[in-house]
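Worksheet for the structure shown next.
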Amino acid sequence: MIVVVIAGGSGTRLWPLSTPNFPKHLLSIAGNKSLLQETIERVLKVANAEKIFVISEVSHSKHVHDQIIEIPKENLIAEPCRRGTASCIAWGLSEVKKRGFSETEPVLFLWADSLIRNSDGFAASALKAGEVAVEKQSIVFIGAEPTYPSTGLGYMQKGSQINGWRGIYELEQFVEKPNKKKADTYFQSGDYLWNTGYLVGTIRDFEREFDTVAPDMAARYKKLSEAKDIVSAYESLESNAIDYVFSEMLKDAIVLQGSFDWMDIGSFGDLHDVSLQDEQGNFIYGPTVELESTTNSYIRNDTEVPLAVIGVDNIVVVSTANGVLVTNKNYAQKVGDVAKRLQTP
């Protein structure tokens with residue numbers, strides 16, 4: 001199997017911990033290693049280092065190089081600018097083909113900022129998806145079984161089970177982030193999986209689908225494959241998400257129900273949930289933090305300036321050299337919007 005890890009993102013939803021120059025996947029979220037480093041450890045269970053590629057944006061590519069020592073340097077690709085996940089995947093596939101790998105070997109595309117604890121389950125699911133992709137000559141998406149009715153994640157609806165393959169289904173449809181009522185319905189039905197964004201296919205099958213249903217992707221792929229000046233070619237592309245210009249256009253895609261835990265750390269609420277908490281439900285980080293009558297909160301101080309939090313519940317307080325954030329956890333999804341406004345010149 002060949003693996004392409006997309007290590008992009010602008011770092012807004014976990015601001016001020018995460019910034020465009022040091023986004024979420026470079027942070028140590030629930031352990032001593034960053035999400036990127038944990039991702040590389042997982043994919044090394046399914047592919048040799050020479051078959052693993054990492055695409056990052058130039059603003060933080062140095063940090064990516066510093067954090068990854070297992071992967072050959074020539075496999076670390078720096079975007080000259082952000083052009084969306086569709087462009088990343090087109091570039092990644094073109095690079096894989098240029099290196100001379102077999103056009104019938106499965107290629108797994110995935111993101112560097114997910115939290116997964118069951119590495120063996122992930123590896124088993126990824127390899128199984130590769131087998132199905134090769135045998136069925138189809139694009140296979142890997143979904144995660146929901147653990148609660150999330151309104152912050154996209155979903156995939158399972159269709160009929162593929163004969164002879166347990167946990168493998170026809171992909172009925174993609175569903176955008178639902179409201180609370182729909183999320184409850186999806187969760188109770190058992191017919192929907194969280195959309196991890198992970199997809200698997202061979203070079204041959206990706207090229208066929210580009211030409212058949214996704215002319216935008218075909219044009220991107222052709223331009224990057226033939227470019228003499230790859231930087232200029234990449235800069236000329238539009239910024240689009242892979243979901244809209246490729247995934248949702250497929251007619252005969254397959255979805256695999258992953259046998260691993262999966263979480264998209266999309267807010268400080270999510271981050272608090274996976275962080276070590278004291279008896280009052282507080283996560284506390286930093287040598288100069290004092291709490292009084294505070295519960296169920298995420299408190300982090302990365303500065304030497306003393307931080308005191310008194311008489312509050314269900315809040316986030318983060319103080320770093322990049323800025324200070326104070327929010328009720330119920331409004332944590334708004335952090336990205338505010339961070340973008342602060343970063344706008």
Side-chain angles (χ1 to χ4, degrees), residues 1 3-6 35 38-39 42-43 45-46 85-86 89 106-178 182-202 205-206 209 241-266 270 274:
M1 174 172 276
V3 177
V4 180
V5 178
I6 310 298
L35 292 175
E38 291 177 352
T39 298
R42 284 195 298 274
V43 297
K45 292 177 178 287
V46 303
T85 54
I89 286 178
V107 183
L108 165 64
F109 290 91
L110 76 166
W111 323 112
D113 58 357
S114 301
L115 179 64
I116 296 173
R117 293 189 171 96
N118 184 357
S119 295
D120 290 338
F122 163 82
S125 296
L127 292 171
K128 187 176 182 181
E131 291 177 24
V132 176
V134 171
E135 179 169 319
K136 296 297 182 180
Q137 298 182 26
S138 296
I139 306 301
V140 179
F141 294 86
I142 301 176
E145 185 174 4
T147 56
Y148 67 97
S150 172
T151 59
L153 297 171
Y155 290 75
M156 295 182 289
Q157 184 180 12
K158 298 182 291 186
S160 301
Q161 182 165 308
I162 304 293
N163 289 336
W165 292 93
R166 183 179 179 183
I168 312 292
Y169 306 86
E170 295 176 357
L171 176 57
E172 189 69 23
Q173 65 172 335
F174 288 92
V175 182
E176 293 298 323
K177 298 174 183 179
K182 286 185 177 180
D184 288 337
T185 300
Y186 296 163
F187 183 67
Q188 295 297 328
S189 72
D191 294 332
Y192 292 81
L193 300 173
W194 281 336
N195 181 10
T196 65
Y198 300 174
L199 64 161
V200 184
T202 66
D205 293 331
F206 274 113
E209 296 293 359
I242 188 65
D243 293 15
Y244 302 124
V245 299
F246 179 66
S247 302
E248 294 178 2
M249 295 184 176
L250 293 169
K251 307 300 183 185
D252 299 305
I254 293 172
V255 59
L256 177 149
Q257 182 167 326
S259 56
F260 57 92
D261 62 304
W262 176 86
M263 177 178 281
D264 175 29
I265 309 295
D270 296 333
V274 300

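Sequence positions, counted from 1, serve as the residue numbers for this chain.
- At a threshold of 4.5 Å between non-hydrogen side-chain atoms, the residues V134 and T202 count as touching.
- The side-chain heavy atoms of K128 and I168, taken from C-beta on, include a pair separated by under 4.5 Å.
- Aromatic ring centres of Y186 and W194: separated by at least 6.0 Å.
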Next item on the list: Apply the test side chain to side chain contact (heavy atoms under 4.5 Å, CB included) to residues F141 and L250: give CA-CA distance (whole Å), side-chain angles for both, the deciding distance (0.1 Å), then the verdict.
Entry: CA-CA 11 Å; F141 294 86; L250 293 169; 3.7 Å; yes
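- For the atom pair OG of S247 and CD of E209, the computed distance is 11.0 Å after rounding to the nearest 0.5 Å.
- With rounding to the nearest 0.5 Å, the separation of OH in Y169 from CD in Q161 is 5.0 Å.
- To the nearest 0.5 Å, atom OH of residue Y148 and atom CG of residue D184 are 12.5 Å apart.
- No donor-acceptor pair closer than 3.5 Å links the side chain of S259 to the backbone N or O of S125.
- Between the side chain of K158 and the main chain of G190, a donor-acceptor pair closer than 3.5 Å is present.
- Between V245 and A86, the shortest heavy-atom contact is CG2-CB, 3.5 Å.
- Looking only at side-chain heavy atoms (C-beta outward), E248 and E176 come within less than 4.5 Å of each other.
- By the 4.5 Å heavy-atom criterion applied to side chains, I254 and W165 are not counted as neighbours.
- When side chains are defined from C-beta on, R117 counts as touching V274, because their heavy atoms get closer than 4.5 Å.
- Remark: D120 CG to F260 CZ distance equals 12.5 Å, nearest 0.5 Å.
- Closest non-hydrogen pair, W262 versus N195, comes out as CH2-O, 4.0 Å.
- Applying the side-chain contact (heavy atoms from CB on, under 4.5 Å) test between V255 and each of I142, L193, L199 identifies L193 as the sole match.
- L110 has its side chain out of reach of I6: every pair of non-hydrogen atoms, C-beta onward, lies at least 4.5 Å apart.
- Looking at heavy atoms from C-beta onward, K177 lies out of side-chain contact with T151 at the 4.5 angstrom threshold.
- The distance from atom NZ of K136 to atom CD1 of I162, rounded to the nearest 0.5 Å, is 6.0 Å.
- Heavy-atom minimum distance, V46 versus M1: O-CB, 3.6 Å.
- Nearest heavy atom pair, residue S119 against residue K45, reads CB-CE, 3.5 Å.
- There is a side-chain donor-acceptor pair under 3.5 Å between Y198 and S114.
- Contact between L35 and D113 at its shortest, heavy atoms only, is CD1-O, 3.5 Å.
- With a 6.0 Å radius and a threshold of 12 heavy atoms from other residues, nucleotides or ligands, D252 has its CG atom at or below the threshold.
- Nearest approach of G201 to A133, heavy atoms of both residues: CA-CB, 4.2 Å.
- A 4.5 Å side-chain heavy-atom check between T85 and W111 finds at least one atom pair inside the cut-off.
- The backbone N or O of D191 sits nowhere less than 3.5 Å from a side-chain atom of Y155 that would complete a donor-acceptor pair.
- Within the model, atoms CD1 of I242 and CE of M249 stand 10.0 Å from one another, a figure rounded to the nearest 0.5 Å.
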